[in-house]
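One-based numbering, in listed order, for ligands and for the atoms of each.
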Amino acid sequence: MTKASPDVISRAGELRDTITEHNYQYYVLDDPRVPDAEYDRLFRELQDLEAQYPDIVTPDTPTRRVGASVETTFEEVVHRIPMLSLDNAFSDEELRDFDRRVKDRLKASDDIEYVCEPKLDGLAVSLHYESGVLTRAATRGDGYTGEDITANIRTIPSVPLRLRGDNVPELVEVRGEVYMPREGFEALNRRLADKGEKAFVNPRNAAAGSLRQKKPTVTARRPLELCAYSVALEDESRLPATHWEGLQQVSAWGFRINPEMRRATGAKDCLQAYNELMDKRASLPYEIDGIVFKVNSLALQQQLGFVSRAPRWAIAQKFPAQEELTVIEDVEFQVGRTGAITPVARLKPVFVGGVTVSNATLHNMDEIQRLGVRIGDTVFVRRAGDVIPQVVKVVAERRPDNAREVQLPTPAPYASPILCRSRVKWWPAVLAGCSARHSARRPSGTMPPARHWT
Ligand code: IVH
């Protein structure tokens with residue numbers, strides 16, 4: 001093996017720094033500084049150098065987010081500091097009660113300052129950095145022991161492999177949420193459906209399924225992101241005075257923190273933050289299921305302490321659920337202007353995603369088959385953001401004896417075209433070759449009226 005010259009070593013170091021910087025601009029700040037083609041050239045140059053001189057490879061090199069033959073071990077990991085959960089508030093009154101309890105316990109007469117953070121709907125992870133380098137990532141597990149998922153976490157581009165800046169401690173633990181943004185989730189589900197594989201019910205399941213992969217190469221193809229929300233240091237004297245400043249420090253180390261985070265003083269201000277975030281909810285590019293309020297002062301947090309498995313200094317106020325159970329009372333077929341036919345589930349009305357829903361799309365016949373839907377089934381209905389309500393899962397155990405298969409409408413004598421495959425168009429009958437399972441005929445008589453989602 002040829003030994004790398006000082007010039008090669010220095011060029012590789014330069015490339016590593018430049019690529020890491022471009023990654024940070026792109027994945028953490030959402031603000032790319034170079035065109036993709038330029039980035040690709042730099043990346044290729046580093047890859048070539050490292051292939052030629054394997055001894056110059058460093059643990060934090062951006063080319064090795066996916067190791068050659070590394071598998072995720074899922075070995076048991078004991079959390080140095082337990083990963084607790086949060087108590088929930090389901091109403092404004094419960095939030096006011098929480099604030100009152102905090103004030104009483106602290107014997108405070110002034111209003112308390114809180115940090116308000118979107119409650120991302122993903123999975124909590126713990127990341128250890130030693131001398132600034134990512135050395136271990138773990139799931140929350142039961143809060144006391146989790147699983148080692150380092151190889152999978154390394155594939156997430158917004159996870160720094162090395163902390164930025166000079167103020168890097170010997171040992172630090174950063175915690176945050178791994179989640180899948182809506183767009184990536186929908187693209188992933190389309191990809192899975194095209195391959196005839198089972199789609200994920202929601203972005204949270206998709207994120208969990210992606211982290212559970214044994215092969216990091218699979219995780220690497222999943223559009224995951226990490227948002228940091230807390231920091232713990234071995235040397236606590238180095239911690240700033242407030243949670244807010246801790247977040248700024250984490251951001252300076254190169255993590256993505258949520259741009260919707262803000263501070264609020266007193267319960268009234270917190271409730272306003274809740275309403276403002278609720279108004280934004282549907283337009284955010286990721287799913288949130290509530291807002292978390294955390295006492296900002298770390299000294300006050302310490303005074304308040306914990307009760308059972310949750311801190312007394314924080315609470316999550318929940319938003320209306322985006323998934324609920326209901327029953328499919330019937331399935332009808334809607335014909336769009338282009339002739340595309342969409343099966344629509346008529347539902348027992350259910351309050352989901354902030355509105356009452358009585359119809360949900362079943363997309364197409366393939367989808368009905370994939371889900372295994374029958375009339376009478378109890379199903380998960382999901383309404384997220386502005387997306388039309390969808391049936392995403394059947395609860396097999398709740399199927400009644402009289403559940404009926406979904407029948408396609410009977411054909412019209414005049415047209416007799418064959419409905420082919422999923423994106424059902426009116427193909428002429430000569431277009432045979434599509435399987436009988438997927439074929440159908442045009443309903444007789446008038447088309448069912450288009451209905452609005454309620
Ligand atoms: S703080 C002791 N902050 O919610 C503090 N959690 O119900 C514990 N989560 O397991 C966590 N966004 O997965 C915190 N901004 C946020 C969060 C957040 C989402 C999740 C996290 C945690 C669960 C607790």
Side-chain angles (χ1 to χ4, degrees), residues 77 79-90 94-95 98 102 114-127 137-147 149 153 156 158-159 173-181 202-208 210-212 224-232 239 242-244 246-251 255-264 270 273-274 276-278 280-281 284-298 300-319 321-322:
V77 160
H79 295 300
R80 211 165 36 93
I81 310 163
M83 293 183 79
L84 302 161
S85 60
L86 292 167
D87 276 341
N88 291 320
F90 291 98
E94 287 183 13
L95 190 269
F98 161 78
V102 166
Y114 296 96
V115 178
C116 320
E117 306 174 3
K119 189 167 185 293
L120 291 160
D121 207 2
L123 292 107
V125 292
S126 138
L127 309 175
T139 60
R140 175 173 180 273
D142 64 3
Y144 299 98
T145 51
E147 289 175 330
I149 50 163
I153 285 291
I156 302 175
S158 48
V159 171
E173 180 182 353
V174 174
R175 291 179 178 176
E177 198 84 348
V178 170
Y179 62 101
M180 194 177 284
N202 56 36
R204 185 179 190 283
N205 286 14
S210 304
L211 280 186
R212 229 181 284 120
L224 296 172
E225 282 184 16
L226 173 95
C227 225
Y229 56 63
S230 80
V231 54
L239 276 175
T242 61
H243 175 60
W244 183 260
L247 292 170
Q248 306 315 310
Q249 176 61 76
V250 165
S251 161
F255 288 89
R256 183 188 266 276
I257 58 169
N258 196 294
E260 310 300 330
M261 287 181 181
R262 53 163 279 196
R263 283 164 290 185
C270 285
Y274 174 91
E276 283 172 14
L277 190 60
M278 179 74 179
K280 276 194 166 175
R281 185 189 195 188
L284 294 173
Y286 45 79
E287 296 217 331
I288 56 175
D289 57 351
I291 183 167
V292 186
F293 299 110
K294 298 175 180 170
V295 170
N296 193 20
S297 153
L298 297 189
L300 296 186
Q301 283 191 7
Q302 200 146 32
Q303 265 188 59
L304 288 160
F306 298 84
V307 60
S308 71
R309 302 186 60 183
R312 285 202 194 88
W313 44 262
I315 198 155
Q317 192 175 1
K318 301 300 282 264
F319 288 155
Q322 301 192 125

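Between P311 and Q301 the shortest side-chain heavy-atom distance does not fall below 4.5 Å. Counting heavy atoms from C-beta on, the side chains of Y286 and L120 come closer than 4.5 Å. The shortest side-chain heavy-atom distance between Q322 and D121 does not fall under the 4.5 Å cut-off. When side chains are defined from C-beta on, E287 does not count as touching R204, because their heavy atoms never get closer than 4.5 Å.
When atom types are taken as modelled, the side chain of R175 and the backbone of A124 share no donor-acceptor pair closer than 3.5 angstrom.
Closest to atom 12 (N) of ligand 1, if we only count protein heavy atoms, is L120 N, 3.3 Å. Taking atom 11 (C) of ligand 1 as the reference point, the nearest protein heavy-atom neighbour is Y229 CE1, 3.9 Å. Taking atom 13 (O) of ligand 1 as the reference point, the nearest protein heavy-atom neighbour is E177 OE1, 2.6 Å.
Scanning L123, I81, I291, L86 for the heavy atom closest to atom 7 (O) of ligand 1 points to L86.
Among the atoms of P311, none of the N or O lies under 3.5 angstrom from an N or O of ligand 1. Annotation: K294 places an N or O atom under 3.5 Å from an N or O atom of ligand 1; distance criterion only.
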Determine, stepwise, if the pair L123 / T139 fulfils side chain to side chain contact (heavy atoms under 4.5 Å, CB included).
CA-CA 8 Å; L123 292 107; T139 60; 5.9 Å; no
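Residue contacts with ligand 1, taken as heavy atom pairs separated by less than 4.0 Å, involve E117 solely via side-chain atoms from C-beta onward. Under 4.0 angstrom from ligand 1, the non-hydrogen atoms of P118 all belong to its backbone. For R175, no heavy-atom contact with ligand 1 is shorter than 4.0 Å.
Under a 4.0 Å heavy-atom criterion, A310 is not in contact with ligand 1.
Closest of all the heavy-atom pairs between R263 and V115 is CG-CG2, 4.2 Å.
F98 and Y114 have tilted rings, their planes meeting at an angle from 30° to 60° on a 0 to 90° scale.
Close approach of ligand 1 to L84 is summarised as follows: ligand atoms under 4.0 Å from at least one heavy atom of the residue are 8 (C). Proximity to A124 (heavy-atom distance under 4.0 Å) selects the following atoms of ligand 1: 10 (O), 13 (O), 21 (C). For ligand 1 and R140, the ligand atoms under 4.0 Å from any heavy atom of the residue are 10 (O).
One side chain, E173 or S126, offers a donor N or O that lies under 3.5 Å from an acceptor on the other.
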